[in-house]
Every structure is written in structure tokens, then in C-alpha cells.
Trainee: 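Submitted below is the structure of interest, expressed as C-alpha cells.
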Amino acid sequence: LLAGRASRPDGAIAPVSVLAVDDIPDNLEVLEALLAEPGLRVLRASGGPEALEILLRHDDIAVALLDVQMPGMNGFELAELMRGAERSRHIPIIFLTAAAPESARLFRGYEAGAVDFLFKPLDVALVRSKVQVFTELFRQRQLLAAQLEEHRQLVRMSEMLFGVLGHDLRTPLGAIISSAEVLRLRTRDDQTLQRMVATIQSASGRMTRLIAQLL
């Protein structure tokens, strides 16, 4: 029942899925055919319970197309359940209906979490356009999430690097400072050595400040 899994050219982002829910198989066939494109797959469900199972198994759903009039669990009820679950509450919902536009029906749909209504017979170009908007937004969110995770990893690596670097620099520097202090105390009568010690201590002080600024 699922379209073939396609890969993006860069291989970095998984294919995007569209959830289509309708109790009429022919309608699902039509939706899958008109949405067919590389990198996009249609997850088909014949009713609310099957749709909920799909939502539990997939985390790459960019938008859900829900038929309003279905036996058992209608589209509004399914949308309310989706909005009540953390896993699916952020999935945009577009209702598909053959009924005439009514303010009460529209109000209930938007109250259930719909972002739009599409009326049958469907305008192919309109459906594709709206789905494309949400799939592209989903891909952008995926890309931003991947970039954010990469940035976090780089920050962690930088912190580790500077931690090691700080330790490796401070340890020999501490030995130099301690040795210079011992040398200063033991050569108080030698002005030449005292000047050399002063130079070492001054340079060590500058190095200490540079390491502090670096870290």
C-alpha cells in the first residue's frame, strides 16, 4: 500500500511522508497518484484506527489529508485525537470533504486543528501546491534540526579540545613559574640572573593571561 521509498540526492534527509485517510479505496488511489514525486511517499489508511497505527510507526509525516465523512471515526474525531497526542499534534491537517461549505462544519474543523479545507471534486493543482508547501516546510525543519545537532556536536568537541588544551598548557607553564620562583629566591645576589628570572616571570604571566582569554 505504500509508495516506494526514494532517497534524496544528498542522502542527508529521509523521504517525506503524507498521511492520506479515506474509507474509499479509489480516493486513496487518486491521492497517491496525484501526489507521486521523488522523495515523497503516501501512507494510506482506510479509517481512523489504521491512521493512528501509522502515526505511531512513522515520524516523517509532513501533512495529513483526512476525509471528513468516514464510518466509525470521522475526520474531526481523528484530528482531535491527533491533536491530543504529543507525537502527532504538530502535523498539519487538511480536511477533504464532499459536503457543501457550512460555517458550523468549518468552525468544527478548524477547532479540531485543521489548517485548511479542500472540497471534492479536488483541484489537482491546488492539492499538489498545498501539500508541497507543507512537505517543503518539513524538509526545512529536518535540515535545521540536523544543522543544530551538528552545531551542538561541534560545541562539545570544542569544549573537550579546549579543556585538554588548557590542561596541557597550564601544566608545563606551572612548572616554569614554580622553577622561576625557586631560582629567584636562590640567586638574590646575582643581578644578571635576577633580570633573567624577571623576564621569565613576566613572560609566564602574559602566557597565563593568554590561556585564560583563550579558554
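If you read the sequence from its start, that first residue is 1, and numbering goes on from there. Note that the structure is a prediction, hence the values are computed from the model and not measured. Only heavy atoms go into these numbers, but all of them, side chains included; no hydrogens, no water, no symmetry mates.
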Trainee: Mind running salt bridge (Lys or Arg N to Asp or Glu O under 4.0 Å) on Arg184 and Glu181 for me, showing each step along the way?
Mentor: CA-CA 5 Å; Arg184 184 186 69 81; Glu181 180 61 19; 2.6 Å; yes
Trainee: Less than 4.5 Å apart, any side-chain heavy atom of Val42 and any of Leu28?
Mentor: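 No, every pair of side-chain atoms sits at 4.5 Å or beyond.
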Trainee: Measuring only between side-chain heavy atoms, which start at C-beta, is Val63 closer than 4.5 Å to Val115?
Mentor: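 Val63 does not reach Val115 side chain to side chain.
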Trainee: If the plane angle is over 60° it's perpendicular, under 30° parallel, otherwise tilted; pick one for Phe95 and Phe117.
Mentor: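 Because their plane-to-plane angle lies in the 30° to 60° range, the rings of Phe95 and Phe117 count as tilted.
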Trainee: Is it true that a side-chain atom of Ser178 and a backbone atom of Ala175 form a donor plus acceptor pair closer than 3.5 Å?
Mentor: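 No.
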Trainee: Quick one: are Lys120 and Asn27 in side-chain contact, heavy atoms under 4.5 Å?
Mentor: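 Yes, side chains in contact.
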Trainee: When you measure from the side chain of Glu77 to the backbone of Asn74, do you find a donor-acceptor pair of N or O atoms at a distance under 3.5 Å?
Mentor: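 Indeed, once roles are kept as given, a pair shorter than 3.5 Å links the two residues.
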Trainee: Quick check: is Leu43 connected to Leu78 through a chain of hydrophobic side chains (ILVMFWY, heavy atoms under 4.5 Å apart)?
Mentor: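 They do share one cluster, since a chain of ILVMFWY contacts under 4.5 Å joins Leu78 to Leu43.
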Trainee: Would you say Leu81 and Leu52 make side-chain contact, with heavy atoms under 4.5 Å?
Mentor: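 Side chain of Leu81 against side chain of Leu52, heavy atoms only: contact under 4.5 Å found.
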Trainee: Are the side chains of Asp60 and Arg41 in contact, using a 4.5 Å heavy-atom criterion?
Mentor: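 Heavy-atom side-chain distance check passes, below 4.5 Å.
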Trainee: Find out whether His90 and Arg141 are in side-chain contact, i.e. whether some heavy atom of one side chain is under 4.5 Å from a heavy atom of the other.
Mentor: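 Heavy-atom side-chain distance check fails, nothing below 4.5 Å.
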Trainee: Using the salt bridge (Lys or Arg N to Asp or Glu O under 4.0 Å) rule, take Glu29 and Arg44 through it: C-alpha gap first, then chi angles, then the decisive distance, then the call.
Mentor: CA-CA 9 Å; Glu29 292 285 351; Arg44 296 164 45 170; 3.3 Å; yes
Trainee: So Met82 and Leu66, do their side chains get closer than 4.5 Å, heavy atoms only?
Mentor: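 Yes; the side chains approach each other to less than 4.5 Å.
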Trainee: If the threshold is 4.0 Å, N to carboxylate O, is there a salt bridge linking Glu149 and Arg156?
Mentor: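 Yes, Glu149 and Arg156 are salt-bridged.
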